[in-house]
Amino acid sequence: MNIFFAIAFYFAAAVMTLGLGHKVFQYWSTPAPFRIPITPAPSTLPGVVLRMMAEVFLFKSLFKANKWIWILGWVFHASLVLVLLQHIVYFQKQPAIWIYQLQPYSQLAAYPLIICLSGLLLRRFLVDRIRYISSPSDFIMLFFLIAIALSGLLMMLFWQPNVFAVQQYFTGLLRLTLNPLPNHLLLYLHLLLVVFLLLIFPFSKLLHAPGIFFSPTLNQADNARQKPHRPSKTRFDNNG
Amino acid sequence: MANREYTVPQLFKHIETPKIEPNSMQLPGPFKAKSNHQQTLGFPSELIDNWQQNAIDAMGQAVNQSRGLRVFLDSCVKCGACTDKCHYYLGSADPKNMPVARQDLFRNVYRKYHTPAGRFLSKLGLDWLIGGQEMNRSVLDDWYNYYHQCSECRRCTVYCPYGIDTSEITMAARNIMSQIGVGQKYSTEVISKVYQVGNNLGLPEAALQNTLEGLEEDIEEETGIFVKLPLDQVGADILLVAPSADFFAEPHVDGLIGYAKVLHESGISWTFSSKASEAANFGLFIGNEDSMRKIALRIREAAIDLGVKRIIFGECGHAWRVAYNYLETLAGPFDFLDKNHPMPQHICEFTHDLIQRNQLTLDPSRNNDKTVTFHDSCNVARASNMGGISGGQFSIPRDIIKAVCNRYVDMAKDTIHGATFCCGGGGGLLTDDLMEVRVKGALPRMTALNNVVEEQGVTHMAAICAICKSQFSKILPVYGMDMDMIVSLHQLVGTAIILTGQKKTIHQKIENQHRLL
């Protein structure tokens, strides 16, 4: 299992990094032929940054759209961030003090994480409009996330693996050395699901994470009259 | 392909979100384009052989050329926030009119052929897991039908956490369909007329001249003042580009009289152009950049030919969007114009500025027979701006109305400004063969209007879009309201304005009539 997970994580990390890098490059290099901000929109760059931050951190548009989806979605993402921050301890030999200070909150965050994911799953089953637009992959994605969170929570509460050994294992992987991984079924399951999630990240709807920053309706300024939009110099030549 | 029987939706107090009724709007779609119009636009005259592969290839190209399209197709997480935001869904309950489902008609094909996951899973026969869809006849039929039940109004975009713009996908799909030989009759015919005659309605120069002279007489009869409506006047300062419906359709033409009075009072010389006798740009509706550019270039040529210093656009929603956000990109640079004025300018900005500087004599009591509300046209509200101030596209038209009318009322908050509902006829749907779609799509706006009529005594709704005005004159009676309720914003201005030298106010006119009786 030591070697299996080492290979799996190296491979998944490579796929995730290269895949995501490729996607970001693709978004970056694809031309935006016209100015299409959704108005009213800010007319300056700082304004656009503020608008984007309100979307990324507060899900502002979603708040306007639907309070249920907003609360479930926002609390899920916020909990996920707290839980992920806690996982830094597995990648640093001497984790920073703030990670330990955060620990009680991060541990509590597991509950809203699972509750909100279940809520989102329930909506997919119960609301006719959302059931209609859901593909099998939309359900599978939620099952995956719930399974990852649940296996993590169960380890934390009832069946803790040797956390120090896990830390040794991953800090070792970062230094290209192989340390023993505790023999622990739930841990194996947890890690396997995470590997899979990393693998599908650049090929699935998880691309919404980099995608939002490239969304022209949100990231363009409303200043076409001051700064005419000319995507490429050679494309239109009306003076020639 | 005659219109089938359908029931007009009932108006309730609130805009209800219906339970889904799959396939309730499964129709043949609008009339297909005639082969000569297709050819005029440079498209194949009928469905080509091997259209499936061509459509798939065209889709790949479209995605490679538009960052927006690529991001929108990749990013949707199917959260459902948009599902109750589209007026066509609210009015028809067909789930394929939910913005995300409309996008998925395109996205599922994209996923199968143009994403690594789709190609991989297709080999295993598992592409259904991610909703992968083969490009086939029934998909094409759905595309043709449901991409002509979208007015490209972008209300869904406002509520999408990633700003996914369904209109971009609708435009891409329509453009692909045109390229494989399945164009829509209405839009291609209109564009052909612009190419051949110069405007959407096919009004030739002589007819235009005639109409303008008739209007000059009307104004003189009403006010006693001769107001010139110049055509092709070389050396004028301002080129006014209005939608061609303004030249004769009701209530559009009363708006045109309003522009003429305002421009006359400004003392600045101005002119219409017979070459650019159309503000609209239907190239946007069919998502075709070449058509869009060709139509936009007429305005540039007219401005150069006439040697004008400024360009002002009349009341037309998508025309203002194209002018404001696309014109420089398509037909710029406009560096031969006077840089002291915004390029382009909206007639409302121009009128508003004159009002602010007290250059117009206004008597709002002349509109005392009206209690007015304002319909924010989708393309103005969500795809442009006025006055260079945030939300100017909402405040400037309202400020004008309040300056020329004593009684103004807003409709419900979630139906105005950025949340405004489309009239139901935008985006190339303003054609009789789509009447059922137009009637059902108008439901949310009609609900909001009916509420202010019943509760606040609203008698008129002003708009600044030729399509909105035509749509409402047709739809209002269907919902039991008077077709004359819809007015041009500049009609209200035209009524309130007292021209320099004009002696009689309307009151005096009425008094005179009474004396005669």
Side-chain angles (χ1 to χ4, degrees), chain A residues 23 26-28 30-43 55 59 61-62 64-66 69-70 73 120 123-124 127-130 132-138 140 200 202-208 211-212 214-219 222 224-226 228-231 236 238-239, chain B residues 19-20 64-68 70-72 74-85 95 98 100-101 104 115-117 128-131 154 157-165 168 289 293 297 300 324-326 328-333 342-343 381-385 388 390-391 393 418:
Chain A
K23 265 320 217 190
Q26 204 179 39
Y27 293 151
W28 187 273
T30 306
F34 295 109
R35 199 68 77 87
I36 56 167
I38 202 85
T39 59
S43 60
E55 292 298 341
F59 301 5
S61 293
L62 189 58
K64 280 187 289 183
N66 186 308
I69 307 178
W70 179 80
L120 289 168
R123 276 185 67 84
R124 264 195 209 289
V127 180
D128 64 341
R129 286 172 285 122
I130 301 183
Y132 183 88
I133 58 169
S134 300
S135 298
S137 55
D138 298 313
I140 294 171
I200 62 168
F203 308 107
S204 67
K205 66 176 183 179
L206 298 178
L207 284 172
H208 68 277
I212 185 169
F214 292 93
S215 181
T217 51
L218 297 176
N219 76 8
D222 174 20
R225 285 196 287 193
Q226 294 80 35
H229 186 68
R230 301 227 166 74
F236 310 123
N238 298 314
N239 287 331
Chain B
K19 286 256 168 254
I20 62 169
N64 281 333
Q65 285 164 6
S66 165
R67 179 187 299 159
R70 195 188 278 285
V71 169
F72 300 153
D74 281 347
S75 297
C76 179
V77 300
K78 316 292 170 86
C79 72
C82 61
T83 54
D84 57 352
K85 302 299 184 284
M98 299 188 296
V100 45
D104 278 352
T115 64
W128 54 273
L129 276 174
I130 55 166
R154 314 215 296 166
T157 313
V158 170
Y159 297 99
C160 174
Y162 315 110
I164 296 173
D165 184 346
E168 292 291 316
E289 215 174 293
R293 182 157 53 252
L297 280 169
R300 178 192 176 84
Y324 180 89
N325 267 321
Y326 292 58
E328 274 278 3
T329 311
L330 289 167
M343 159 50 216
R382 290 187 281 263
S384 74
N385 174 268
S390 181
Q393 70 270 43

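Chain identifiers are assigned alphabetically (A, B, ...) following the order of the sequence lines, protein sequences preceding nucleic acid strands; residue numbering begins at 1 within each chain. Reckoned from all heavy atoms, side chains included, excluding hydrogens, waters and symmetry mates.
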Notebook entry, point to check: Between the side chain of A:Thr39 and the main-chain N/O of B:Ala383, is any donor-acceptor distance below 3.5 Å?
Noted result: yes
Check: So which part of A:Trp28 gets closer than 4.5 Å to some heavy atom of chain B, the side chain, the backbone, both or neither?
Finding: backbone
Notebook entry, point to check: Nearest heavy-atom pair of A:Pro40 and B:Gly391: which atoms, and what distance?
Noted result: CB-N, 4.1 Å
Next item on the list: Pick one of side chain, backbone, both or neither for A:Phe214, based on which atoms fall under 4.5 Å of a heavy atom in chain B.
Entry: both
Margin query: Any carboxylate oxygen within less than 4.0 angstrom of a Lys/Arg side-chain nitrogen, looking at A:Arg225 and B:Glu328?
Written below: no
Notebook entry, point to check: Under a 4.5 Å cut-off applied to non-hydrogen side-chain atoms, are B:Pro161 and A:Phe59 in contact?
Noted result: no
Check: When only pairs under 4.5 Å are counted, which of B:Ala101, B:Gly80, B:Pro95, B:Gly68 shares the most heavy-atom pairs with chain A?
Finding: B:Pro95
Notebook entry, point to check: Rounded to the nearest 0.5 Å, how far does CD1 of A:Ile38 lie from CD1 of B:Ile164?
Noted result: 12.0 Å
Next item on the list: Using non-hydrogen atoms and a 4.5 Å limit, figure out which bit of A:Ile130 sits close to chain B: side chain, backbone, both or neither.
Entry: side chain
Next item on the list: Kindly compute the distance separating OG1 (A:Thr30) from CZ (B:Arg70), expressed to the nearest 0.5 Å.
Entry: 4.0 Å
Check: Taking all non-hydrogen atoms of both residues, which atom of B:Trp128 and which atom of A:Pro136 are closest, and how far apart?
Finding: O-CD, 3.6 Å
Next item on the list: Go through the structure and list residues passing ring-ring contact (aromatic ring centres under 6.0 Å, His included) with A:His229, not counting sequence neighbours.
Entry: none
Margin query: So for A:Ile69, is it side chain, backbone, both, or neither that comes closer than 4.5 Å to the heavy atoms of chain B?
Written below: side chain
Check: Quick one: of A:Ile133, A:Leu62, A:Asn66, who has the most non-hydrogen atom pairs under 4.5 Å with chain B?
Finding: A:Ile133
Next item on the list: State, to 0.1 Å, how close B:Cys76 and A:Lys205 come at their nearest heavy-atom pair, and which atoms those are.
Entry: O-CB, 3.4 Å
Notebook entry, point to check: Tell me, side chain or backbone of B:Asn64 under 4.5 Å from chain A's heavy atoms, or both, or neither?
Noted result: backbone
Item checked: Contacts of type side-chain hydrogen bond (donor to acceptor under 3.5 Å, both in side chains), residue A:Ser215, not counting sequence neighbours -> A:Thr217
Next item on the list: Check whether any side-chain heavy atom of A:Pro228 sits under 4.5 Å from a side-chain heavy atom of B:Met343, and report yes or no.
Entry: no
Notebook entry, point to check: Which answer fits B:Ala81, side chain, backbone, both or neither, if we ask what part of it has an atom under 4.5 Å from a heavy atom of chain A?
Noted result: both
Notebook entry, point to check: Can you tell if the side chain of B:Thr329 reaches within under 4.5 Å of the side chain of A:Arg35, non-hydrogen atoms only?
Noted result: no
Next item on the list: Below 4.5 Å from any heavy atom of chain A, which atoms of B:Cys79 appear? Answer side chain, backbone, both or neither.
Entry: both
Notebook entry, point to check: Should the pair A:Phe34 and B:Tyr326 be assigned to parallel (<30°), tilted (30 to 60°) or perpendicular (>60°) ring geometry?
Noted result: parallel
Next item on the list: Heavy atoms only: give me the nearest A:Ala32-B:Arg67 pair and the separation to one decimal.
Entry: CB-NH1, 4.2 Å
Check: Under 3.5 Å, side chain of A:Ser135 to main-chain N/O of B:Leu129, donor-acceptor pair present?
Finding: no
Note to self: Using heavy-atom distances under 4.5 Å, tell me whether A:Leu218 contacts chain B through its side chain, its backbone, both, or neither.
What the structure shows: side chain
Checklist line | Interface moiety of B:Thr83 toward chain A, non-hydrogen atoms closer than 4.5 Å | finding: both
Next item on the list: Answer whether the closest heavy-atom distance between the side chains of A:Ile36 and B:Asn325 falls below 4.5 Å.
Entry: no
Note to self: Need one label for B:Lys19: side chain, backbone, both or neither, based on atoms under 4.5 Å from any heavy atom in chain A.
What the structure shows: both
Margin query: If you count heavy-atom pairs within less than 4.5 Å of chain B, which of A:Ser43, A:Ser134, A:Pro37, A:Pro42 leads?
Written below: A:Pro37
Margin query: Just so I understand: if I count every heavy-atom pair under 4.5 Å between each of A:Arg123, A:Lys23, A:Gln26, A:Glu55 and chain B, which residue has the most?
Written below: A:Gln26
Note to self: Heavy-atom pairs under 4.5 Å with chain A - which of B:Ser384, B:Ser390, B:Cys160, B:Gly388 has more of them than the others?
What the structure shows: B:Ser384
Note to self: Evaluate A:Asp222 against B:Tyr324 for side-chain hydrogen bond (donor to acceptor under 3.5 Å, both in side chains), listing each step before the verdict.
What the structure shows: CA-CA 10 Å; A:Asp222 174 20; B:Tyr324 180 89; 2.7 Å; yes
Check: Which bit of A:Ile140 comes within less than 4.5 Å of chain B, counting heavy atoms only: side chain, backbone, both or neither?
Finding: side chain
Check: Given that the side chain runs from C-beta out, which part of B:Met98 has a heavy atom under 4.5 Å from chain A: side chain, backbone, both or neither?
Finding: side chain
